[in-house]
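Start at 1 and go down the list; that is how both ligands and their atoms are numbered. Along the sequence shown, residues carry numbers from 1.
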Amino acid sequence: MNTILITGGCGFIGSNFIRYAFNQHDDWHIVNVDRLTYAGNPENLKDIESDARYTFIHGDICDKKLIGSVYREHKITGVINFAAESHVDRSIMDATVFFETNVKGTMVLLDAARQFGIERFLQISTDEVYGELGETGYFTEKSPLKPNSPYAASKASADLLVNTYYRTYSLPVLIVRSSNNYGPYQYPEKMIPLMIIRAMEGKQLPVYGDGTNVRDWLYVGDNCRAIDIIFKDGITGEVYNVGGSMEITNINLVKKLLDILGKPESLISFVTDRPGHDRRYALDISKINEELKWESIGSFDNKLRETVQWYKDNAPWWKNVLNKNDYQDYYKKMYSKRKEEVR
Ligand code: NAD
Ligand code: DAU
């Protein structure tokens with residue numbers, strides 16, 4: 001039996017990954033350490049919470065004592081670190097907790113991994129560490145790190161730290177850098193669930209700037225499959241890009257969502273841009289494609305439709321989130337100062 005520590009497993013990608021891994025690996029026991037911040041929701045794993053192959057520990061990855069005891073008592077063999085503060089806009093308001101969790105927390109996990117002789121340590125990173133692209137080109141794993149937001153800087157810092165543990169201590173680490181994920185259980189501060197839910201409620205859709213920024217969208221199920229393959233077969237010390245090869249401007253994506261939902265484009269409202277807003281992200285995924293034979297499966301339109309359907313079918317899940325004071329305070333703080341701009 002492998003005992004895998006998954007951090008941040010109550011968040012969006014972590015919970016999708018735990019469910020995926022459960023179906024793939026009968027021989028895994030999963031220990032999920034999650035601090036249950038505003039983004040951590042135990043409801044995301046309700047269907048497996050009482051499974052004998054699953055242990056949940058409510059705790060902080062920055063807590064050295066707790067993490068040491070988790071590695072020791074559960075005889076952890078591998079680690080996948082999803083835990084992070086993950087929202088760019090929040091990092092622009094206050095970067096403190098981003099550096100605590102994303103950098104210090106990663107260091108605590110790495111130190112314990114050294115101490116307890118962990119066999120594989122997979123760091124979940126992001127394409128945002130590369131900075132932004134212009135109209136053309138793609139980021140490869142060799143592109144320089146040029147983060148532009150405090151969030152991206154904290155993730156790049158963690159990546160640099162992970163690399164040093166490989167070089168200095170020969171810790172068997174790997175890094176995954178993925179593009180923008182979408183799918184079930186995504187916290188509705190991120191663009192796709194925010195737009196779907198607001199459109200369903202007939203509310204204005206706040207598109208930043210002129211809406212021409214480009215993101216490369218990756219279905220969370222495809223990302224989970226990539227993470228699983230990299231954890232199993234990736235070469236230690238290496239970085240792997242994982243992208244959906246699905247570039248689209250924000251405004252065209254919002255229009256697509258409105259079309260799927262049968263809602264009018266008059267709901268779109270252009271608002272003050274995000275400071276330092278990265279223009280375009282796009283990943284060269286030839287390394288994972290050629291070396292590990294991974295590719296995304298199915299069409300973007302179908303996966304987007306399925307995602308919309310999931311939010312339609314799971315209104316109690318998102319209504320619960322929206323009704324919390326956390327969410328309402330955040331929305332007011334983030335959007336009340338953004339002026340509507342006529343385009
Ligand atoms: P999320 O915000 O939905 O979830 C983060 C989870 O981490 C939550 O469950 C939260 O409670 C937990 N957490 C936060 N601080 C913690 C701490 N100190 N100790 C323990 N748990 C803590 O994030 P997500 O979108 O699922 O992202 C997961 C990972 O993937 C992050 O590392 C993020 O940087 C990376 N990533 C995300 C995307 C994306 O599009 N969402 C794309 C690329 C990379
Ligand atoms: O690229 C990977 C990254 O993708 C991850 O590392 C981050 O954790 C994740 O949050 C995501 O970052 P983005 O900033 O790209 O995602 P977000 O959903 O916040 O925004 C997507 C695009 O939509 C971006 O160009 C900003 C724009 N946007 C976003 C929101 C929330 C809007 O126009 N209006 C909005 O209200």
Side-chain angles (χ1 to χ4, degrees), residues 6-17 32-42 44-45 57-63 66-67 80-92 97-98 100-102 104-106 108-109 123-130 132 139 147-149 151-152 154-155 158 176-183 185-195 198 204-218 220 223 227 242-244 248-251 253-254 268-274 277-283 331 334-335 338:
I6 293 188
T7 68
C10 294
F12 164 48
I13 307 177
S15 61
N16 276 283
F17 181 78
N32 172 16
V33 172
D34 197 300
R35 191 178 127 197
L36 300 181
T37 65
Y38 75 91
N41 187 350
N44 297 1
L45 289 171
I57 296 167
H58 183 193
D60 190 332
I61 59 165
C62 300
D63 182 343
L66 170 84
I67 294 300
I80 308 181
N81 181 26
F82 291 93
E85 286 296 329
S86 68
H87 195 43
V88 172
D89 290 319
R90 287 184 192 252
S91 80
I92 294 168
V97 71
F98 284 75
E100 280 163 10
T101 289
N102 301 1
K104 184 183 167 199
T106 301
V108 168
L109 294 169
Q123 173 69 4
I124 304 297
S125 184
T126 167
D127 61 358
E128 297 201 15
V129 298
Y130 298 124
E132 70 176 347
F139 292 124
N148 291 320
S149 71
Y151 160 71
S154 71
K155 295 297 287 185
V176 177
R177 294 190 182 132
S178 85
S179 61
N180 287 59
N181 282 225
Y182 66 100
Y185 299 105
Q186 187 166 31
Y187 190 84
E189 64 189 349
K190 305 292 186 334
M191 173 155 82
I192 288 187
L194 180 99
M195 299 298 178
R198 289 186 67 82
Q204 294 285 294
L205 310 185
V207 173
Y208 296 167
D210 63 3
T212 59
N213 298 63
V214 174
R215 294 294 182 265
D216 164 11
W217 292 95
L218 171 67
V220 68
N223 191 20
I227 290 167
V242 184
I248 185 167
T249 59
N250 294 336
I251 186 65
L253 178 50
V254 170
I268 294 171
S269 157
F270 291 99
V271 298
T272 312
D273 208 351
R274 170 187 282 173
H277 196 174
D278 281 337
R279 186 85 217 135
R280 172 173 167 256
Y281 304 141
L283 286 176
Y331 195 88
M334 182 57 66
Y335 291 91
R338 289 201 136 95

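A donor-acceptor contact under 3.5 angstrom links the side chains of Asp89 and Tyr208, judged on distance only. Side-chain contact annotation: Asn250 with Asn213, donor-acceptor N/O pair under 3.5 Å absent. A side-chain donor-acceptor contact under 3.5 Å links Arg279 and Thr212. Defined by atom type and a distance below 3.5 Å, a donor-acceptor pair is missing between the side-chain atoms of Ser86 and Lys155. A donor-acceptor pair shorter than 3.5 Å cannot be found between the side chains of Tyr331 and Glu189.
When ring centroids are compared, Tyr130 and Tyr281 stay outside the 6.0 Å threshold.
When only interatomic distances are considered, the shortest N/O to N/O separation between Pro206 and ligand 2 falls below 3.5 Å. On a distance-only criterion, Ser179 and ligand 2 share no N/O pair closer than 3.5 Å. Of the N or O atoms in Ser178, none lie within a sub-3.5 Å distance of an N or O in ligand 2.
Taking every heavy atom of Tyr281 and a limit of under 4.0 angstrom, the matching atoms of ligand 2 come to 1 (O), 15 (O). The contact set between ligand 2 and Leu194, taken as ligand atoms under 4.0 Å from a residue heavy atom, comprises 36 (O). The atoms of ligand 2 that sit less than 4.0 Å from any heavy atom of His277 are 24 (C), 25 (O), 26 (C).
By the criterion of a heavy-atom distance under 4.0 Å, both the backbone and the side chain of Asn180 are placed next to ligand 2. By the criterion of a heavy-atom distance under 4.0 Å, neither the backbone nor the side chain of Asn181 is placed next to ligand 2. Under 4.0 Å from ligand 2, the heavy atoms of Glu128 that appear belong solely to its side chain.
The CG atom of Asn32 sits 8.0 Å away from atom OG1 of Thr7, with the distance rounded to the nearest 0.5 Å.
Under 4.0 Å from any atom of ligand 1, one finds heavy atoms of residues Gly8, Cys10, Gly11, Phe12, Ile13, Asp34, Arg35, Leu36, Thr37, Ala39, Gly40, Gly59, Asp60, Ile61, Phe82, Ala83, Ala84, Ser86, Thr101, Ile124, Ser125, Thr126, Tyr151, Lys155, Ser178, Ser179, Asn180, Asn181.
Heavy atoms of Lys155 come nearer than 4.0 angstrom to ligand 2 in no pair at all.
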